[in-house]
Participant: 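Dropping a structure here in structure tokens format, bear with me for questions.
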Amino acid sequence: MKRIFSIISLSLLMMLFTGCSNNSSEENSQADKETSEAESKSSFTNQAEVEQDANMKSETEVNMDQKENETAEIKEMNQQARKVIYTANLSIKVESYEKTLKLIQQKLSEANGYIVNSNSNSIGEDEGLEGTLTVRIPQNKFESFVQAVEAGSTKVIERNITGQDVTEEFVDLESRLKSKQVVEARLLDFMKNAEKTEDLLKISTDLATVQEEIEQIKGRMNYLSNQVELSTVTIYITQDTVKVPSLDNDNLNTWEKTKEQFMKSLNFLLQAGSSLFVLLVGSLPIFILIGGLLFLLWLFVIKRRKQNGKPPKIDETTD
């Protein structure tokens, strides 16, 4: 009985130990599962956060690029929308007037420009030319043309570039044109529906006035557009030359110059002799008077000397 009881108790202990070990293994396995799930969740969460940060950064960069592009487009549109009339005045010195003129004509041909006015004149005898050129050049070639002209010169004396912004005037003209065109359309509709001759004549007069104003506005707009598209450049050109004198053997004329100098010397002597003779003869009365005075003075001096030099008389009775 004791042996049977001990066997039963041992078996029960074995069953209990086995159950506890199974529970602990199940708990450990469940804990491991939960740990792995937590790690996977945290890794997934970290990966999602990284991806979200990357997406946010990329979206921010894209937005910044879009803003920069939009800003650049706005600036470009504003720059294109501005209407500025550019004018330049250049004063330059060149080695050769003809070469500079050919260079300017070449640059104008390349840029589809043209010469408006040209005049030249000689500075002096064999001293070169000077002149003035007025040209029209497309605005997008304006700066390169001015730089090319300055590079082809020996010295830039003066450089003056001005810009006149006519954007406001052009926008005002566009608004006025639209208003006038609306009035024109209304008058045309009134003319179609006019039944009386008086009304028709009045509408025709008003319509003619409005159409004339429209043509004036269009003409002004075309003029401004032309001035904006083609810049004006006025160039004052002076040829800078150094005159070197040459040996002129043809104009020496040694023998002729010798005869000329001899005759000049002879004429000088004759003129001097003639002047001396005229002086002596013409002043003869003065010379006679002066000579007489000098003669009397001489006699007086001689007489005084004789008187002073006469020996004294000796009294014989005294001896």
Side-chain angles (χ1 to χ4, degrees), residues 66-91 104-105 107-120 131-149 158-236:
Q66 288 179 354
K67 289 181 179 179
E68 290 178 357
N69 294 330
E70 289 176 357
T71 305
E73 290 178 356
I74 292 171
K75 289 182 178 179
E76 186 177 359
M77 290 176 64
N78 291 332
Q79 186 67 24
Q80 293 178 353
R82 306 301 299 180
K83 292 186 177 295
V84 182
I85 300 174
Y86 288 103
T87 304
N89 292 316
L90 297 177
S91 180
I104 292 173
Q105 290 175 345
K107 295 299 181 181
L108 288 174
S109 178
E110 293 174 357
N112 295 325
Y114 59 91
I115 297 176
V116 177
N117 186 22
S118 175
N119 61 77
S120 61
T132 304
L133 285 175
T134 303
V135 302
R136 301 293 305 282
I137 194 78
Q139 191 181 101
N140 57 349
K141 303 290 184 179
F142 173 73
E143 293 183 2
S144 60
F145 175 77
V146 172
Q147 292 175 358
V149 172
E158 183 181 1
R159 183 179 189 266
N160 184 20
I161 297 177
T162 59
Q164 181 184 1
D165 192 346
V166 294
T167 307
E168 185 177 354
E169 182 181 359
F170 199 86
V171 171
D172 181 62
L173 290 172
E174 286 181 341
S175 300
R176 289 173 57 192
L177 179 61
K178 291 179 181 178
S179 300
K180 296 296 180 182
Q181 287 174 344
V182 171
V183 175
E184 181 187 19
R186 290 180 180 176
L187 290 174
L188 289 173
D189 291 336
F190 292 156
M191 183 178 290
K192 291 179 182 179
N193 299 323
E195 296 180 354
K196 296 181 179 180
T197 306
E198 296 178 356
D199 296 339
L200 186 61
L201 292 173
K202 186 176 181 181
I203 293 172
S204 299
T205 303
D206 295 339
L207 182 62
T209 303
V210 172
Q211 289 177 344
E212 182 180 359
E213 292 176 352
I214 289 174
E215 293 300 323
Q216 290 177 353
I217 293 172
K218 287 183 178 180
R220 180 62 180 173
M221 291 177 67
N222 292 333
Y223 171 78
L224 292 177
S225 297
N226 179 264
Q227 293 294 313
V228 169
E229 293 172 0
L230 295 173
S231 302
T232 303
V233 182
T234 303
I235 310 169
Y236 303 94

Participant: My understanding is that only residues two or more places apart in sequence, or in another chain, count here; which of them pass salt bridge (charged side-chain N to carboxylate O under 4.0 Å, His left out) with K180?
Facilitator: E213
Participant: Among all residues two or more places apart in sequence or in another chain, which pass the side chain to side chain donor-acceptor pair (under 3.5 Å) test with R176?
Facilitator: none
Participant: For F170, I'd like to know if atom CZ has over 12 heavy atoms of other residues, nucleotides or ligands within 6.0 Å.
Facilitator: yes
Participant: Please report the interatomic distance CD(E168) to CZ(R82), rounded to the nearest 0.5 Å.
Facilitator: 9.0 Å
Participant: Which residue pairs satisfy the salt bridge (charged side-chain N to carboxylate O under 4.0 Å, His left out) criterion with at least one member in residues 137-146, sequence neighbours excluded?
Facilitator: none
Participant: Please name all residues satisfying side-chain contact (heavy atoms from CB on, under 4.5 Å) with E215, sequence neighbours left out, ordered by chain then number.
Facilitator: none
Participant: Taking side chain as C-beta onward, heavy atoms only, is I115 less than 4.5 Å from L133?
Facilitator: yes
Participant: Apply the test side chain to side chain contact (heavy atoms under 4.5 Å, CB included) to residues V166 and V84: give CA-CA distance (whole Å), side-chain angles for both, the deciding distance (0.1 Å), then the verdict.
Facilitator: CA-CA 6 Å; V166 294; V84 182; over 6 Å; no
Participant: A cation-pi test, strictly: NZ or CZ of K107 under 6.0 Å from the centre of the six-membered ring of F145 and no more than 45 degrees from its axis. Yes or no?
Facilitator: no
Participant: Contact between V149 and I104 at the side-chain level, heavy atoms closer than 4.5 Å - yes or no?
Facilitator: yes
Participant: Nearest 0.5 Å, what's the CD-CG distance between E158 and L90?
Facilitator: 9.0 Å
Participant: Tell me every residue that passes side chain to side chain donor-acceptor pair (under 3.5 Å) with E110, counting only those two or more places apart in sequence or in another chain.
Facilitator: Q106
Participant: Would you mind reporting whether I217 and E174 have side-chain heavy atoms less than 4.5 Å apart?
Facilitator: no
Participant: Mind running side chain to side chain contact (heavy atoms under 4.5 Å, CB included) on Q139 and I85 for me, showing each step along the way?
Facilitator: CA-CA 9 Å; Q139 191 181 101; I85 300 174; over 6 Å; no
Participant: To check you understand the geometry: which heavy-atom pair defines the closest contact between I203 and L187, and what is its length?
Facilitator: CG2-O, 3.4 Å
Participant: Report the residues that fulfil side chain to side chain donor-acceptor pair (under 3.5 Å) with T167, sequence neighbours left out, ordered by chain and then residue number.
Facilitator: D165
Participant: For residues 219-234, tabulate all N or O donor-acceptor pairs below 3.5 Å that involve a side-chain atom, not counting sequence neighbours.
Facilitator:
| unit_1 | atom_1 | unit_2 | atom_2 | d |
| --- | --- | --- | --- | --- |
| R220 | NE | E169 | OE2 | 2.9 |
| R220 | NH2 | E169 | OE2 | 3.0 |
| N222 | ND2 | K218 | O | 3.1 |
| S225 | OG | M221 | O | 2.9 |
| N226 | OD1 | R136 | NH2 | 3.3 |
| T232 | OG1 | R136 | NE | 3.2 |

Participant: Could you tell me which non-hydrogen atom of A111 sits nearest to which non-hydrogen atom of P138, and how far apart they are?
Facilitator: O-CG, 3.0 Å
Participant: Can you run down the side chain to side chain donor-acceptor pair (under 3.5 Å) pairs that involve residues 183-206, sequence neighbours left out, and say none if there aren't any?
Facilitator: E184-Q211
Participant: Should I235 and T132 be marked as a side chain to side chain contact (heavy atoms under 4.5 Å, CB included) after you check the CA-CA gap, both sets of side-chain angles, and the distance that decides it?
Facilitator: CA-CA 6 Å; I235 310 169; T132 304; over 6 Å; no
Participant: Not counting sequence neighbours, which residues clear side-chain contact (heavy atoms from CB on, under 4.5 Å) with N117? List them please.
Facilitator: N119, T134
Participant: Any side-chain heavy-atom pair from T87 and Q164 closer than 4.5 angstrom?
Facilitator: no
Participant: Residues two or more places apart in sequence or in another chain: which of them pass ring-ring contact (aromatic ring centres under 6.0 Å, His included) with F142?
Facilitator: Y86
